[in-house]
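Here is the structure we will look at, set down as structure tokens.
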There are 2 protein chains.
Amino acid sequence: MDFEASKEKFIQTWGVLGGSWGINRTMAQIHALLLVSHVALSAEDIMEQLQISRGNANQNIRDLIDWGLVFREFKTGERKEFFTAEKDIWAVAKQIVKERRKREIEPVRKILSELKNTKTNKESDAQKHFVKMIGNIEDVVGKMDNSVEKLIKLDESAIVGTLFKIFK
Amino acid sequence: MDFEASKEKFIQTWGVLGGSWGINRTMAQIHALLLVSHVALSAEDIMEQLQISRGNANQNIRDLIDWGLVFREFKTGERKEFFTAEKDIWAVAKQIVKERRKREIEPVRKILSELKNTKTNKESDAQKHFVKMIGNIEDVVGKMDNSVEKLIKLDESAIVGTLFKIFK
DNA sequence: ATAATCTTTCACTACATACTGAAAGTATAA
DNA sequence: TTATACTTTCAGTATGTAGTGAAAGATTAT
């Protein structure tokens with residue numbers, strides 16, 4: 001496989017993976033393109049290389065910036081913006097986990113905690129079971145969430161060290 | 001909030017969460033309904049309680065069985081099938097991770113490894129950068145995948161113990 | 001055999017989400 | 001201040017995924 005074909009394949013693969021990780025396909029493709037590019041690219045460059053519209057490029061670049069995965073750059077003498085990707089893959093993974101925790105886990109924990117206030121009939125098997133299940137789920141989700149919270153606070157070398165220690 | 005309202009809310013919440021975890025909404029709702037039900041339910045029960053069609057119920061129940069999250073049950077004297085959910089939440093989490101690893105991570109690792117065979121021009125900065133990036137990504141993805149693999153081999157008490165040890 | 005009960009399939013439809021491109025908005029240069 | 005270079009917005013459109021319901025398939029009872 002030659003360079004161009006490999007690059008193309010990588011972009012497509014990263015796109016598919018992103019799709020199943022809460023990052024949409026185009027967003028992940030732009031990120032992939034920037035990851036393997038050794039220089040910053042403009043919106044035009046991205047539109048051309050990925051064959052996407054201006055609106056699409058603009059929206060997804062801004063989403064990537066929101067997620068903390070892409071940064072704006074300016075070149076002296078150039079009017080337009082250029083973009084580069086976060087290239088530390090651990091940082092990328094951490095960032096994604098962090099965002100998803102905020103967007104998904106936190107609201108669920110909030111609701112689970114509300115559900116504990118359900119007025120129940122202590123005589124009903126169905127209701128006793130419900131209360132027990134909600135308790136279990138809250139407990140497990142809470143433990144996972146706490147671990148994740150601590151994990152994303154570690155820096156790269158600490159993550160690798162921690163994973164190594166646990167799973168040696 | 002009364003019992004019925006709480007149950008409804010839990011099903012909806014679990015459905016939304018599932019949607020962002022590679023499990024579709026209805027699938028997650030059926031799972032939620034079975035989780036909080038203290039008795040096994042039939043397809044009819046599920047259709048009625050979630051207000052969904054027969055085809056939809058059937059398809060998603062079978063997907064849940066494929067994922068190892070729901071089990072078939074038979075009652076003597078009853079012709080139809082009944083269904084129960086895996087109620088150990090750690091087992092549920094492990095099962096989801098296991099499936100997604102198989103469906104998503106493995107194919108990506110395969111492609112990354114292929115991409116290392118890219119014929120490159122050693123003079124080109126762009127190509128040198130590409131090779132380095134692919135190497136980094138493969139390395140990080142590999143380390144994460146290995147950790148995940150080991151995690152899903154642990155049983156419940158070991159998972160809790162491990163998480164506790166790491167993140168105390 | 002055939003009737004009754006239940007499960008599975010599948011062509012069609014509905015719905016949510018992503019993408020387009022032209023127009024409006026903004027900032028710098030002449 | 002007008003022109004130029006760029007960025008953002010948004011209404012309309014396309015696309016993919018999920019859901020429907022009727023019909024076909026299977027299994028057990030009569």
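Protein chains get the first letters and strands the later ones, always in sequence-line order, with residue 1 at the start of each. The model shown is predicted, which means the values in this text are computed figures rather than measured ones.
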What's the [atom1]-[atom2] distance between [X] and [N], to the nearest Å?
X	N	atom1	atom2	result
A/I46	D/dT7	CD1	C1'	13 Å
A/D63	D/dT8	CG	C1'	13 Å
B/Q59	D/dT17	CD	C1'	12 Å
B/M47	D/dA18	CE	P	20 Å
A/R62	C/dA18	CZ	C1'	15 Å
A/Q51	C/dC19	CD	C1'	14 Å
A/N60	D/dT9	CG	C1'	14 Å
B/Q29	D/dA18	CD	C1'	12 Å

Residue A/K80, side-chain heavy atoms: nucleotide from C/dC19, D/dG19, D/dC6 that is nearest: D/dC6
Side chain of A/N24 (C-beta onward), nearest among D/dG19, C/dA18, C/dC6: C/dA18
Would you say a side-chain N or O of [X] is under 4.0 Å from OP1 or OP2 of [N]?
X	N	result
B/S42	C/dC6	no
A/R25	D/dG16	no
B/N58	C/dT7	no

Cluster link B/W21 to A/V16, ILVMFWY, side chain under 4.5 Å: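 Result: no, two separate clusters.
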Among B/D139, B/V140, B/N146, the one residue meeting side-chain contact (heavy atoms from CB on, under 4.5 Å) with B/K143: B/D139
5'-most by nearest nucleotide on DNA chain C - B/R54 or A/I52: B/R54
Trace of the side chain to side chain contact (heavy atoms under 4.5 Å, CB included) decision for B/R72 with B/F82: CA-CA 6 Å; B/R72 271 179 225 277; B/F82 288 82; over 6 Å; no
Qualifying salt bridge (Lys or Arg N to Asp or Glu O under 4.0 Å) pairs, either residue in residues 106-124 of chain B, two or more places apart: A/K9-B/E114, B/R101-B/E106, B/R109-B/D145, B/K110-B/E114, B/K116-B/E138
Base C/dA29 paired with A/R79 side chain (donor-acceptor, <3.5 Å): no
Residue met sooner reading DNA chain D from 5', once A/E81 and A/N56 are mapped to nucleotides: A/E81
Ring geometry between B/W14 and B/H31 (parallel below 30°, tilted from 30 to 60°, perpendicular above 60°):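 Plane angle under 30°, so parallel.
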